[in-house]
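Step one of this worksheet: look at the structure below.
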2 protein chains.
Amino acid sequence: MGAALALAERGRGRTAPNPSVGCVIVRDGIVVGRGGTRPGGRPHAEAMALGQAGEKSPGATAYVTLEPCAHCSERGPACADLLVAAGVARVVAAQRDVDPRTNGIGMARLEAAGIATTVGVRAAEAARSMAGFLTRRRLGRPHVTLKLALSLDGAVALADGRSQWLTGAEARAHAHLERSRHETILVGRGTGEADSPSLDVRLSGLEARSPVRVLLSTRPHPSHPAAPRKGEGEWLAIASPHDIATLPGDHLLVEGGAKAAAAFLAADLVDRLLLYRAPVIVGGGRTLPDIGLADLADAHGRWRLVDSAALGADRVEVYERG
Amino acid sequence: MGAALALAERGRGRTAPNPSVGCVIVRDGIVVGRGGTRPGGRPHAEAMALGQAGEKSPGATAYVTLEPCAHCSERGPACADLLVAAGVARVVAAQRDVDPRTNGIGMARLEAAGIATTVGVRAAEAARSMAGFLTRRRLGRPHVTLKLALSLDGAVALADGRSQWLTGAEARAHAHLERSRHETILVGRGTGEADSPSLDVRLSGLEARSPVRVLLSTRPHPSHPAAPRKGEGEWLAIASPHDIATLPGDHLLVEGGAKAAAAFLAADLVDRLLLYRAPVIVGGGRTLPDIGLADLADAHGRWRLVDSAALGADRVEVYERG
């Protein structure tokens, strides 16, 4: 299931309107097929993995991060039927599908065909890997990750705005990998106009996975065009964090600056914090402005650390809603 | 050696003018004696451990966090001589003693008596456990730990100064244990006058180990007495961070507030950062003021993470000079 989760993570930001799912097929202790949901949502992970396993499928175990779908579509067959036809002996799913066309029906169809089933293995991680799909489905908007690069004392820049370089090369590379897993990337007007940022993915082999740029422009005015004048390519623009439902894709990365970050936090529209922490003290630097917090008691219980790692001298910490 | 280091850590803040040392004596795989430097610096750790081991000492191995002393004093015998007289077979020391009366002489005396010796086992940790002694010896001042309790975005309090409670009960208990390992604890005038803090150790069994309170009062004036009027007990006062050499003991804990913290950082008089990080976002809170940093490049390489742990929902991170 760990390998299936890694395959799912690899597709994050490319499979909308479908969730990114991973599937690994094992026979006699040997991996005979691996697959992830393909860009655009089809083929599904199970079809990819079964195609790779071929005649080694009969008697095998399929590990999949989501209940295999029970509904046929013009875009492809039902995965539950594919698994039955392939003759697998066992299916281990991380979680049920919330789609009513499948919810429980996929597993029941497998059981009816004599296939052993297990549901709930590493369910929390699987839900995390498809948080974009689930957020769009439940809340009608993309899943929002707020990225902040911070000093130990919370500065995102010096008082005059300089922030190059707070974090090191490893942290920046990690941030670019995160960009590749989001369909859209947003900056505020100040960052957009001052830095004319390319916001692209500068990682070898992933250049084509740069997200669509979005400008948060809360003060539309004829003398302030919606999109920055500098820089190449097209931009989308929204006037308020509350307009994110209109954005394409299921994953939005809020990249900066501090005002845009605060606007999303104040609107309670951040699902995930991606914090890059440099081991430096700035003192008197630019920090996150007011987000409308009246009392410290209201701030507690909102964020839960789910991952952390060293990145050179820096650290990355990932928090999710508590 | 790990057990010896733990014994040394236990005495931190109580053994000045001597370093806090730990000693464990093992025979046939069984610990037969344990000791740490006693409050005030005598007896030494080896004397305590040998006293416990008694007639089990011959043939045993002594693990000690510092080279056994070679010099007699009116306060006690030389530990190297005690180890020879006890008949131990082997002495493992974490590091040499920088004191010229012992440096290398202690180990040589053991070797001359036919005792096997090893030096350098977990030397970095041993140096850390006696950082107060080494800092006083090298720089003529106490070792300075700066404690900060921070939100994810670096706030030490709300904009209006309220900071109760940013961190939880576990973090506060940890901070009280740290207090017990410092001879002196400093706050700035604002914190001293506004909060009339007791700054004592509120941990069962350690109440007697509360440090001496020190006020940083940079604007002495008749209408501003050196010590806060509220609160019980006596205070010391210094006018500038540069005056810490006059303070008793080898360990100073700078406890708050943000201005006092910044004064010590600006003076480059912080040796260790003790950061309690709460998983909350404040936004627009009170953060560390200017410390005179002109360029981000100057901030790098100064701090190195040496320890971190979860404390309830919070985390503690310890940084030392890089």
Side-chain angles (χ1 to χ4, degrees), chain A residues 146 148 150-160 162-168 258 261-266 270 273 275 277-306 308 310 312-315 317 319-320 322, chain B residues 146 148 150-160 162-168 258 261-266 270 273 275 277-306 308 310 312-315 317 319-320 322:
Chain A
L146 169 61
L148 291 170
L150 301 151
S151 68
L152 294 176
D153 56 321
V156 299
L158 296 182
D160 62 12
R162 280 180 292 157
S163 63
Q164 288 184 343
W165 292 107
L166 187 57
T167 51
F264 273 82
L265 288 163
V270 176
L273 293 173
L275 306 184
R277 183 83 63 183
V280 306
I281 301 260
V282 170
R286 187 171 291 188
T287 52
L288 199 68
D290 186 47
I291 60 168
L293 182 72
D295 197 284
L296 273 177
D298 302 332
H300 287 286
R302 298 172 82 94
W303 300 107
R304 192 168 51 90
L305 182 68
V306 296
S308 72
D314 307 316
R315 290 194 67 80
E317 292 189 342
Y319 290 83
E320 290 181 352
Chain B
L146 169 61
L148 290 170
L150 301 150
S151 69
L152 295 175
D153 56 320
V156 299
L158 296 182
D160 62 12
R162 278 179 293 157
S163 63
Q164 288 185 342
W165 291 108
L166 187 56
T167 51
F264 273 82
L265 288 164
V270 176
L273 293 173
L275 305 184
R277 183 84 62 183
V280 307
I281 300 261
V282 170
R286 187 170 291 188
T287 53
L288 201 68
D290 185 48
I291 60 167
L293 182 72
D295 196 284
L296 273 177
D298 301 333
H300 288 286
R302 298 170 81 94
W303 299 109
R304 190 169 52 90
L305 181 68
V306 296
S308 73
D314 308 315
R315 290 194 68 80
E317 293 189 342
Y319 289 83
E320 291 182 351

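Every chain is numbered from 1, with letters handed out A, B, ... down the list of sequences.
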Nearest 0.5 Å, what's the CG-CG distance between B/Leu158 and A/Leu293?
6.0 Å
Search all heavy atoms of A/Leu166 against all heavy atoms of B/His300 and return the closest pair with its distance.
O-CE1, 2.9 Å
Donor-acceptor pair, distance only, cut-off 3.5 Å: does the side chain of A/Arg302 make one with the backbone of B/Ile281?
no
Can you tell me if B/Arg277 uses its side chain to pair, donor with acceptor, with the backbone of A/Leu152 under 3.5 Å?
yes
Part of B/Asp295 within contact of chain A (heavy atom distance under 4.5 Å):
both
Chain A contact via B/Leu150 - side chain, backbone, both or neither, heavy atoms under 4.5 Å:
side chain
Looking only at heavy atoms, the pair that brings B/Val282 and A/Ile291 closest together is O-CG1, 3.2 Å
Does any heavy atom of chain A fall under 4.5 Å from the side chain of B/Ala155, the backbone, both, or neither of them?
neither
At a heavy-atom separation under 4.5 Å, does B/Gln164 approach chain A through its side chain, its backbone, both, or neither?
backbone
Does any heavy atom of chain B fall under 4.5 Å from the side chain of A/Ala310, the backbone, both, or neither of them?
neither
Return the option, out of A/Leu148, A/Thr287, A/Asp298, A/Val156, with the maximum number of heavy-atom pairs under 4.5 Å with chain B.
A/Thr287
Among B/Leu273, B/Asp160, B/Asp153, who wins on heavy-atom pairs under 4.5 Å with chain A?
B/Asp153
I'd like to verify something: which residue of A/Gly154, A/Gly168, A/Gly283 has the highest number of heavy-atom pairs under 4.5 Å with chain B?
A/Gly283
Under 4.5 Å heavy-atom distance to chain B, tell me which part of A/Arg304 shows up: side chain, backbone, both or neither.
neither
Quick one: what part of B/Pro279 sits under 4.5 Å from any heavy atom of chain A, side chain, backbone, both or neither?
both
